[in-house]
Amino acid sequence: MFVQMKRIVVKEGFSDLVLNRFSGEGKLEKQPGYIDRTVMKKNVRRGDEEVIVYVRWDSESDWKNWEKHPDHIAGHKANLGKPKPEHIIETSQSTYHVHAVR
């Protein structure tokens, strides 16, 4: 199993925009090797908010195939040259090979 984890930090009051964007159904769910996606909001009282998008794949090659898929590339190209939304403070992505799930 392989996991892709995105971390998105937004200004206070804007996490719902990110949660809604990543919670809907799309083309990702139809890709071979896709298992599921978990969208989480960090529990904070006030201040910047953090959203984690956790996507599980059968294998790293399944994830790489999605990264190279024309639909995925087209989605990124559609936003090419556009400024980052002001409510987004920081984004990062990490990937992991899963060694155990209990």
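Reckoned from all heavy atoms, side chains included, excluding hydrogens, waters and symmetry mates. These numbers were taken from a predicted model, which means no experiment stands behind them.
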- Carefully, step by step, assess Q31 and W57 under the rule side-chain contact (heavy atoms from CB on, under 4.5 Å). CA-CA 10 Å; Q31 300 308 307; W57 297 90; 4.0 Å; yes
- Message: Tell me whether V18 shares a hydrophobic cluster with L28, the cluster being built from Ile, Leu, Val, Met, Phe, Trp, Tyr side chains joined at under 4.5 Å.
- Response: yes
- Are M1 and V55 connected in a single hydrophobic cluster, I mean Ile/Leu/Val/Met/Phe/Trp/Tyr linked by side-chain heavy atoms less than 4.5 Å apart? no
- Query: Just how far is it from atom CD1 of I8 to atom CG of L17, taken to the nearest 0.5 Å?
  - Reply: 11.5 Å
- Note on the structure: Output for pair (E67 CD, D62 CG), nearest 0.5 Å, gives 12.0 Å
- Pair listing, salt bridge (charged side-chain N to carboxylate O under 4.0 Å, His left out) test, anchored in residues 70-89, at least two apart: K27-D71
Name each donor-acceptor pair under 3.5 Å that joins a side chain in residues 93-102 to protein atoms two or more places apart or in another chain, with its distance.
from : atom 1 : to  : atom 2 : distance (Å)
Q93  : OE1    : Q4  : NE2    : 2.8
H97  : NE2    : E60 : OE1    : 3.1

- Query: What closest approach, in Å, do I89 and K11 show between heavy atoms, and which atom pair accounts for it?
  - Reply: CD1-N, 3.7 Å
Could you go through residues 32-51 and list every donor-acceptor pair under 3.5 Å that involves a side-chain atom there, pairing it with any protein atom two or more places apart or in another chain?
from : atom 1 : to  : atom 2 : distance (Å)
Y34  : OH     : R37 : N      : 3.1
D36  : OD1    : R56 : NE     : 2.8
D36  : OD2    : R56 : NE     : 3.4
D36  : OD2    : R56 : NH2    : 2.8
R37  : NE     : F22 : O      : 3.2
R37  : NH1    : F22 : O      : 3.4
R37  : NH2    : G24 : O      : 2.7
R37  : NH2    : E29 : OE2    : 2.2
K41  : NZ     : S15 : OG     : 3.3
E49  : OE1    : G13 : N      : 3.3
E49  : OE1    : F14 : N      : 3.4
E49  : OE1    : S15 : N      : 2.9
E49  : OE1    : S15 : OG     : 2.8
E49  : OE2    : G13 : N      : 2.9
E50  : OE1    : R7  : NE     : 3.3
E50  : OE1    : R7  : NH2    : 3.4

- Message: Please tell me whether N20 and S23 have a donor and an acceptor in their side chains that are separated by less than 3.5 angstrom.
- Response: no
